[in-house]
Protein chains: 2
Amino acid sequence: MKGLTDRQQEILDLIKSNLENNGLPPTRADIARTLGFKSPNAAEQHLRAIEKKGFISILAGASRGIILNTEEALGIPVIGLVAAGGPILAQENIEKRIPQAHNILSNKIDYYLRVKGDSMVDVGIYENDLIGVNKKNPIKVGSIVIARIGEEVTVKTLESISSNQVVLKAENSEYSNIEINPEKDEIVFEGTCVGLLRDFS
Amino acid sequence: MKGLTDRQQEILDLIKSNLENNGLPPTRADIARTLGFKSPNAAEQHLRAIEKKGFISILAGASRGIILNTEEALGIPVIGLVAAGGPILAQENIEKRIPQAHNILSNKIDYYLRVKGDSMVDVGIYENDLIGVNKKNPIKVGSIVIARIGEEVTVKTLESISSNQVVLKAENSEYSNIEINPEKDEIVFEGTCVGLLRDFS
DNA sequence: TATTATACTGTATATAATCACAGTAATCAA
DNA sequence: TTGATTACTGTGATTATATACAGTATAATA
């Protein structure tokens with residue numbers, strides 16, 4: 001799936017906003033009108049290009065037959081157990097997907113991670129909760145981070161960080177801090193926790 | 001907003017499932033085909049009736065121009081402060097709405113209620129969390145209930161219940177139990193807590 | 001240098017889709 | 001028993017929409 005050009009991205013965004021605001025996809029004429037094209041065919045050709053790159057599907061013959069294939073449309077992946085070695089978002093780790101519903105949380109959720117263990121109960125994060133992870137937010141002291149240490153993924157509060165020592169704090173008095181020397185052991189920050197979902201059942 | 005007939009409900013459900021599965025509303029012909037009508041006009045007339053009852057809007061002249069006006073499409077209301085007196089779901093209590101995203105929680109969410117105070121921290125419910133409330137689940141001892149005592153709405157664990165005593169337990173050792181005699185004081189169970197959303201920001 | 005992709009205009013047409021009009025039939029309330 | 005609502009069939013006009021074909025122009029790629 002290659003990248004879209006700026007113009008193509010504009011059109012994809014227009015389709016998304018049309019779906020969101022009006023509940024249905026736009027017609028070629030709608031697109032042309034909104035973006036100022038004088039021919040609906042300009043929209044047609046853009047749509048073909050976007051389809052070719054895999055971001056949408058076009059239903060032949062159907063009016064407004066534009067279907068999104070974007071990550072947002074598929075839903076946000078829920079990661080259960082992380083298989084040793086590979087990246088967190090690898091296909092085999094995806095337990096299910098849940099519809100993206102913005103307005104719920106103020107930050108973008110790249111994926112949900114199912115919490116194992118009780119090391120964070122003192123900040124109200126319990127086993128089996130789903131934490132919403134944002135990959136791009138800056139990592140700050142005091143924030144709850146998702147870190148990979150060697151092959152293990154863990155959720156902890158970042159207590160302190162320097163070139164030769166990272167301290168991760170478990171929010172449960174029964175656990176002790178994890179101290180890592182990044183010059184010796186591998187530590188990768190996968191993201192920060194920006195939200196939480198819990199299912200009582 | 002009057003009730004729909006069975007047939008009209010079927011058509012409304014079909015529109016919803018079309019939107020969910022295909023991402024766009026059906027045409028009159030689609031509806032006729034699916035439900036076995038020999039004339040697309042049958043669908044047209046049903047749509048008019050459903051529109052008249054307020055459940056959808058029809059965009060004149062637009063293909064697939066069917067817009068849902070249902071509660072699900074509007075999103076789940078978020079209740080902040082409950083104004084004294086009236087029902088929880090009164091319009092003035094609705095802070096905003098957030099898109100319904102099923103698959104997230106196993107039970108139906110009728111509304112979200114913003115948590116005030118720290119009386120439930122020991123079960124991981126914090127101030128400003130949004131708890132998902134289901135109105136119809138049976139109230140059981142041990143479940144977290146939303147109760148209205150007089151004019152106040154509170155979230156507590158139901159400890160015990162009998163004809164002359166209801167005990168509500170705060171999940172925070174600094175608070176004491178609330179004991180109510182339903183023969184003397186008014187207590188209404190508004191629902192049970194079936195989910196939780198937290199925004200870290 | 002030829003080719004491909006991008007980004008359009010402009011015209012035209014087949015068909016997809018809405019929607020009006022004319023009926024039939026059953027049920028229910030006034 | 002008249003009228004309204006529900007639940008359709010059947011036909012057809014109008015228009016909304018997708019989409020083919022023919023161009024123009026620019027930039028990037030092989």
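Naming: A, B, ... by sequence-line order, numbering from 1 per chain. Owing to the predicted nature of the structure, the values given are computational and were not obtained by experimental measurement.
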Whichever of B:Thr5 and B:Pro40 has its nearest DNA chain D nucleotide further upstream toward 5': B:Thr5
Judged by each residue's nearest nucleotide on DNA chain D, which is more toward the 5′ side, B:Gly61 or B:Ile11? B:Ile11
So B:Asn69 and B:Ser57, side-chain hydrogen bond (donor to acceptor under 3.5 Å, both in side chains) or not? Walk me through it. CA-CA 7 Å; B:Asn69 293 332; B:Ser57 301; 2.9 Å; yes
Under 4.0 Å between a side-chain N/O of [X] and OP1 or OP2 of [N], yes or no?
X	N	value
B:Lys53	D:dT5	no
B:Arg48	C:dA20	yes
B:Arg7	D:dC8	yes
B:Gln8	D:dA7	yes
B:Lys38	D:dT11	no
B:Gln45	C:dA20	no
A:Ser63	D:dA18	no
A:Arg28	D:dT17	no
A:Lys52	C:dA5	yes
B:His46	D:dT6	no

Nearest-Å distance, [atom1] ([X]) to [atom2] ([N])?
X	N	atom1	atom2	result
B:Asn41	C:dA17	CG	P	16 Å
A:Ile58	D:dA18	CD1	P	10 Å
A:Asp6	C:dT6	CG	P	12 Å
B:Glu51	C:dC19	CD	C1'	13 Å
B:Leu47	C:dA20	CG	P	13 Å
B:Leu35	D:dA7	CG	C1'	12 Å
B:Arg64	C:dA17	CZ	P	5 Å

Within-4.5 Å side-chain heavy-atom neighbours: A:Ile144 and A:Met120: yes
Between the main-chain N or O of B:Glu95 and the side-chain N or O of B:Arg114, is there a donor-acceptor pair closer than 3.5 Å? no
Charged N-O contact under 4.0 Å between B:Arg7 and B:Glu10: yes
Quick test of your reading of the model: are B:Arg64 and B:Asp30 salt-bridged, counting only N-O distances below 4.0 Å? yes
Looking for any heavy atom pair under 4.0 Å, which part of the strands does A:Ser39 touch: base, sugar-phosphate only, or nothing? base
